[in-house]
Structures are given as C-alpha cells and as structure tokens.
Novice: 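Below is the structure I would like to discuss, written out as structure tokens.
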Amino acid sequence: MLAIYGNLFYNVSMQKLEIEVKKKDKLLNILSAQGFSYSYACKLLRNKDIKVDDVRVKENIDVFVGSFITIFYAEGALKEGYEIVYEDEDIICLNKSKGIEVEGKDGLEGKIPGAKAVHRLDRNTEGLLVMAKNKFAEEELLKAFKNHTIVKKYIAEVVGETSFKGEIYKAYIEKDSKNSFVKVFPNDKKNRQEIITGFKTIKSGGATSLVECMLFTGKTHQIRAHLAFLGHPIVGDGKYGLNAVNKKFKAKTQSLICHYLRLEGLGVHLSHLNGKEFKLNQKYIKNQ
C-alpha cells in the first residue's frame, strides 16, 4: 500500500502526548484518531518524533494492546486543523487537515475571523485551500474559480494498478442532494452536468496506486466519483469506494490531498497574484 508524505511544516514549540493502546491497529490510524492530519502524522514518523514503548519509530507499524505511544508534536497541530502557507492583506492560503469543515462556525471560516472560503475541500480531504480576506478579493477569486482559470492538482491513493498518462477524461454526473451523493454516467441527459478530469499515475504498487488528478471542472465529489467510475476508487472512501478494500487497508477516510494551486485569471485588485504557485512538497514512499 502506498502512502502520501508531506513536508510543509514550521518550527514551533513542541508538546507531548501519551496514549495507551486499547486495540491493535496501525500506528497512523491511532494518530489520526487523536486528531492529527495524515500528512502531519507521516511527518512525525519521518522525523522519529514518536516512541512506542520508549523506542523511536519511523514506520507505520502495528501497535498492540497494552503498548504506550509517546508523541512529540508542534503546538497547535491538534487544535486548529490548518497551517498557514501564505498570507497577505487580500488572501490566506492554508494547508487544511482532515476532519475539519471549511464552512460554518465550527469550520475554518469560524476559526479565522474575516476570512471567506472561495472554494471547498471535503471534510476528510486535506491540502491547499484559498480564502479571501475582503470583498474585492472574494469577488475576483470566485470569478476565477468559476471560469476554471485557477489550476488545482490533487494526489489520490486509489485501488488497483493504474496506467494513466495524463489523459483527460469526460463524464456526466447527476446529483442526489438528499443523500449527498453523485452518480456518474458516460452520456449526457437532462439534469446531468459534465465533469472533466485529468489523471496521471505517479507510482503503482499493484494493490494501490498514487494518481495525480487535475480538475478542469469543479463539481461535487468530482475526483472521488470519477475515479470510482473508472474502476479505481480512492482508498478509504466510504461513499464511492469499496468497503471490503477499505477494511483491508484499515482506511477510514479518503486518501486525497490537494497538493498544488496556481492562481491565474485574477482581476485588477489581485493581478499581482497571477502566476502565484502554492505547493505541498510530497515524497511517495511504499509502506513496509
């Protein structure tokens, strides 16, 4: 099984958390249950900031009932659910953690007063998110996202061996708003919307593959539903994925991260940001 490792973090004071294991599980699953984002938990492993029974570990090992885990982590890593990548007087670009909503008083909009989300990431999708700090910025960003001039790229861990070479795929979705679900079809009919997504295989490990996904349209659950339609659902996706596979990999949320954004098509007020890139540097490592 392949995993996504991020390395965009900042030097802040460290905290310590101790956990007694109550049920056998993978170490990353236990860290996720404590509120750490997947990418941050992987960074902790990579830096050997985790001890299991007083032994520092760097791999996603099995941990057993009765073991004690000690975690040394950055202050605020558990509380906020985001890290600031870039900020000026007009916008904020964040690295959003899993398990946090974008909108609402309990989401990022509630945590960052005065900041307004101009696009969405699902609750359990990590990665880069842009928010506006004033009305002018909000209007220009919304227009650019609507016109699809802003480039967004994601990394997904999917089921099976893929051979995507950057092809662009088209399909059509039909919303089931009552169940917060979309269905994908190969042909257009009334009440369906076109989706266009590019896919490129980064690494394939047989059981799973890492795929870069580029959005050319921005519809609800587009990447998740489109990959499932193509026969490669995202690992951990409880809505469009395979329960048996998710259980096998002990994956409870979708393995999907927005790792790249480039701002384009912005108006006069934000013209200085045209061409601005935001990246989460990634390492692709096969678990042992």
Side-chain angles (χ1 to χ4, degrees), residues 1-85 94-102 104-108 110-112 121-129 155 157 208 235-238 246-257 259 280-288:
M1 182 177 176
L2 302 172
I4 303 170
Y5 283 59
N7 63 356
L8 183 65
F9 297 94
Y10 303 89
N11 293 323
V12 291
S13 59
M14 301 299 286
Q15 307 291 309
K16 183 170 80 169
L17 175 65
E18 295 182 324
I19 306 166
E20 182 180 359
V21 179
K22 302 294 185 182
K23 180 182 177 182
K24 178 188 172 183
D25 207 342
K26 286 287 188 181
L27 185 53
L28 282 177
N29 289 339
I30 292 176
L31 297 180
S32 177
Q34 298 300 315
F36 294 102
S37 72
Y38 184 70
S39 59
Y40 189 80
C42 288
K43 180 206 181 252
L44 293 176
L45 281 177
R46 195 166 63 251
N47 290 348
K48 295 185 179 181
D49 287 332
I50 300 172
K51 291 182 178 180
V52 176
D53 295 329
D54 289 327
V55 177
R56 290 189 181 272
V57 297
K58 65 176 182 179
E59 297 174 351
N60 185 24
I61 62 172
D62 288 318
V63 285
F64 300 91
V65 176
S67 289
F68 285 88
I69 302 171
T70 305
I71 307 163
F72 301 93
Y73 64 96
E75 183 178 5
L78 283 175
K79 296 179 181 179
E80 301 297 341
Y82 69 91
E83 297 161 307
I84 295 177
V85 174
L94 308 172
N95 179 15
K96 182 184 101 61
S97 301
K98 283 190 178 186
I100 185 170
E101 297 283 0
V102 172
K105 65 178 183 179
D106 295 324
L108 292 177
K111 293 176 178 289
I112 310 173
L121 290 178
D122 293 338
R123 176 183 178 88
N124 288 315
T125 297
E126 298 181 70
L128 295 170
L129 178 85
I155 299 292
E157 182 185 7
T208 67
V235 173
D237 193 337
N246 296 340
K247 186 176 180 180
K248 174 185 175 182
F249 290 128
K250 298 182 179 179
K252 298 178 181 178
T253 56
Q254 66 261 17
S255 299
L256 180 64
I257 181 170
H259 78 112
L280 297 181
N281 296 322
Q282 303 294 321
K283 294 181 180 179
Y284 308 104
I285 301 175
K286 187 173 182 179
N287 284 347
Q288 302 298 317

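These values consider heavy atoms only, across backbone and side chains, with no hydrogens, waters or symmetry-generated copies. Predicted model only: the values in this text are computed from it and were never measured.
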Novice: Does any part of the side chain of Lys26, heavy atoms only, come nearer than 4.5 Å to the side chain of Asp62, both counted from C-beta?
Specialist: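 Result yes, sub-4.5 Å side-chain heavy-atom pair found.
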Novice: Only counting residues at least two apart or in another chain, list the ones meeting salt bridge (Lys or Arg N to Asp or Glu O under 4.0 Å) with Lys22.
Specialist: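 Here the qualifying residues are Glu20.
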Novice: Shortest non-hydrogen contact from Gly127 to Ile257?
Specialist: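 The answer is CA-CG1, 3.8 Å.
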Novice: Once you round to the nearest 0.5 Å, how far does CZ of Phe72 lie from NZ of Lys48?
Specialist: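 Phe72 atom CZ to Lys48 atom NZ measures 14.0 Å (nearest 0.5 Å).
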Novice: Who are the salt bridge (Lys or Arg N to Asp or Glu O under 4.0 Å) partners of Arg56, not counting sequence neighbours?
Specialist: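 Salt bridge (Lys or Arg N to Asp or Glu O under 4.0 Å) check on Arg56 returns nothing, list empty.
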Novice: What are the two closest non-hydrogen atoms of Ile155 and His259, and how far apart are they?
Specialist: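 The pair with the smallest heavy-atom distance is CG1-CD2, 3.5 Å.
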Novice: Going by side chain to side chain donor-acceptor pair (under 3.5 Å), name the residues that satisfy it together with Asp122, two or more places apart in sequence or in a different chain.
Specialist: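 Only Arg224 meet the side chain to side chain donor-acceptor pair (under 3.5 Å) criterion with Asp122.
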Novice: Is there a side-chain contact between Leu128 and Leu94 in this structure, where contact means two heavy atoms from C-beta onward sitting under 4.5 Å apart?
Specialist: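 Result no, sub-4.5 Å side-chain heavy-atom pair not found.
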Novice: Is it true that a side-chain atom of Lys23 and a backbone atom of Val65 form a donor plus acceptor pair closer than 3.5 Å?
Specialist: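 Side chain of Lys23 to backbone of Val65, a donor-acceptor pair under 3.5 Å: no, none is there.
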Novice: What is the distance from atom NZ of Lys58 to atom CZ of Arg46, rounded to the nearest 0.5 Å?
Specialist: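 Taking NZ in Lys58 and CZ in Arg46, the distance rounds to 12.0 Å.
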Novice: Considering non-hydrogen atoms only, spot the tightest contact between Ser67 and Asp53 and give its length.
Specialist: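 Looking at all heavy atoms of both residues, the shortest contact is OG-OD2, 3.1 Å.
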Novice: If every non-hydrogen atom of Gly236 is compared with every non-hydrogen atom of Asn246, which pair is closest and at what distance?
Specialist: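 So the two residues come closest at N-OD1, 2.7 Å.
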Novice: Measure the CG-CD distance between Asp237 and Glu157 for me, rounded to the nearest 0.5 Å.
Specialist: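 Reported value, rounded in 0.5 Å steps: 12.5 Å.
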Novice: Taking only residues two or more places apart in sequence or in another chain, which ones pass side chain to side chain donor-acceptor pair (under 3.5 Å) with Asp25?
Specialist: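 Result, side chain to side chain donor-acceptor pair (under 3.5 Å) vs Asp25: Asn29.
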Novice: Can you tell me how far CD1 of Ile61 sits from CG of Leu27, rounded to the nearest 0.5 angstrom?
Specialist: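 Rounded to the nearest 0.5 Å, the CG-CD1 separation comes out at 6.0 Å.
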Novice: Search all heavy atoms of Tyr73 against all heavy atoms of Leu44 and return the closest pair with its distance.
Specialist: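 Nearest pair, atom of Tyr73 first, then Leu44: CA-CD2, 4.2 Å.
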Novice: Evaluate Ile71 against Asp49 for side chain to side chain contact (heavy atoms under 4.5 Å, CB included), listing each step before the verdict.
Specialist: CA-CA 6 Å; Ile71 307 163; Asp49 287 332; over 6 Å; no
Novice: Which heavy atom of Ala41 sits nearest to which heavy atom of Leu31, and what is that distance?
Specialist: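 For Ala41 and Leu31, the tightest heavy-atom pair comes out as CB-CD1, 3.7 Å.
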Novice: Asn47: which residues meet the side chain to side chain donor-acceptor pair (under 3.5 Å) condition with it, sequence neighbours left out?
Specialist: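 Checked Asn47 against side chain to side chain donor-acceptor pair (under 3.5 Å); zero matches.
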Novice: Are more than 12 heavy atoms from other residues, nucleotides or ligands located less than 6.0 Å from atom NZ of Lys252?
Specialist: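 It does not: Lys252 NZ has 12 such atoms or fewer within range.
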Novice: When rounded to the nearest 0.5 angstrom, what distance separates CG in Leu129 from CG in Asn95?
Specialist: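 CG of Asn95 is found 10.0 Å from CG of Leu129.
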Novice: Is a side-chain N or O of Lys98 found less than 3.5 angstrom from the main chain of Gln254, in a donor-acceptor match?
Specialist: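 The answer is yes, because a donor-acceptor pair under 3.5 Å joins these two groups.
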Novice: To the nearest 0.5 Å, what is the distance between CD1 on Ile19 and CZ on Phe68?
Specialist: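 Here the rounded value is 11.0 Å.
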Novice: Are Val63 and Lys24 side-chain neighbours, meaning at least one heavy-atom pair lies under 4.5 Å?
Specialist: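 With C-beta onward as the side chain, the pair stays apart.
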Novice: Only counting residues at least two apart or in another chain, list the ones meeting side chain to side chain donor-acceptor pair (under 3.5 Å) with Thr70.
Specialist: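 With neighbours one apart ignored, the set is empty.
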Novice: Would you please test Ile69 and Lys51 for side chain to side chain contact (heavy atoms under 4.5 Å, CB included) and show each step?
Specialist: CA-CA 6 Å; Ile69 302 171; Lys51 291 182 178 180; over 6 Å; no
Novice: Between the side chain of Asn60 and the main-chain N/O of Leu28, is any donor-acceptor distance below 3.5 Å?
Specialist: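 At least one qualifying donor-acceptor pair exists.
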